Amino acid sequence: VPPAAAEMLTTAEKNGALPEVTKIIGAHYEEEGEIKLKELVTILEPLIIVVMGVVVSTVIMSIMLPMFDLSSLH
């Protein structure tokens with residue numbers, strides 16, 4: 001638990017407002033997590049596309065190069 005959240009929970013427990021404060025803290029960290037997840041997806045999306053391109057080009061080259069070698073033998 002982050003120190004700020006722990007302090008908020010301690011104060012809320014003393015004041016008797018623990019349910020309201022836990023909802024607020026939960027909503028805050030849920031929004032923060034969603035923002036970080038969107039940033040991660042934005043970073044990983046181009047990387048996944050490049051990796052898929054490398055995999056597809058490797059498969060195509062492994063199929064086509066032997067065919068070109070066979071055609072050059074005649």
Side-chain angles (χ1 to χ4, degrees):
V1 178
E7 189 173 326
M8 287 176 68
L9 289 173
T10 304
T11 305
E13 190 175 10
K14 290 178 184 176
N15 294 333
L18 190 60
E20 295 86 14
V21 172
T22 53
K23 286 180 185 178
I24 293 170
I25 292 173
H28 170 71
Y29 284 113
E30 185 176 355
E31 289 175 16
E32 188 176 304
E34 288 177 4
I35 290 170
K36 286 184 180 181
L37 183 63
K38 285 181 184 178
E39 290 174 356
L40 180 66
V41 167
T42 315
I43 292 170
L44 286 179
E45 201 170 67
L47 182 64
I48 291 172
I49 291 172
V50 168
V51 169
M52 288 298 293
V54 169
V55 168
V56 168
S57 63
T58 303
V59 169
I60 290 174
M61 288 181 67
S62 68
I63 292 171
M64 296 302 286
L65 285 177
M67 291 171 57
F68 288 135
D69 288 341
L70 286 176
S71 66
S72 66
L73 291 176
H74 294 302

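Source: prediction; values computed, not measured.
In terms of heavy atoms, P19 sits closest to T22 at O-OG1, 2.8 Å. Of all heavy-atom pairs between A6 and V1, the closest is N-CG1, 3.8 Å.
Shown here is E32, whose CD atom has more than 12 heavy atoms of other residues, nucleotides or ligands within 6.0 Å.
Annotation: the span from M8 atom CE to L18 atom CG amounts to 11.0 Å, rounded to 0.5 Å. Of the inter-residue distances, the one linking E13 atom CD with L9 atom CG reads 8.0 Å to the nearest 0.5 angstrom.
L47 and L40 fall within a single hydrophobic cluster, where Ile, Leu, Val, Met, Phe, Trp and Tyr are joined by side-chain heavy atoms under 4.5 Å apart, directly or via other members.
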Just distance, no hydrogens or angles: give the donor-acceptor pairs under 3.5 Å from side chains in residues 53-62, sequence neighbours left out.
residue, atom, partner, partner atom, Å
S57, OG, G53, O, 3.0
S57, OG, V54, O, 2.9
T58, OG1, V54, O, 2.7
S62, OG, T58, O, 3.3
S62, OG, V59, O, 2.7

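Salt bridge annotation for E34-K38: absent, with no cationic side-chain nitrogen under 4.0 angstrom from a carboxylate oxygen.
For E30, the side-chain hydrogen bond (donor to acceptor under 3.5 Å, both in side chains) test picks out no residue, with sequence neighbours left out.
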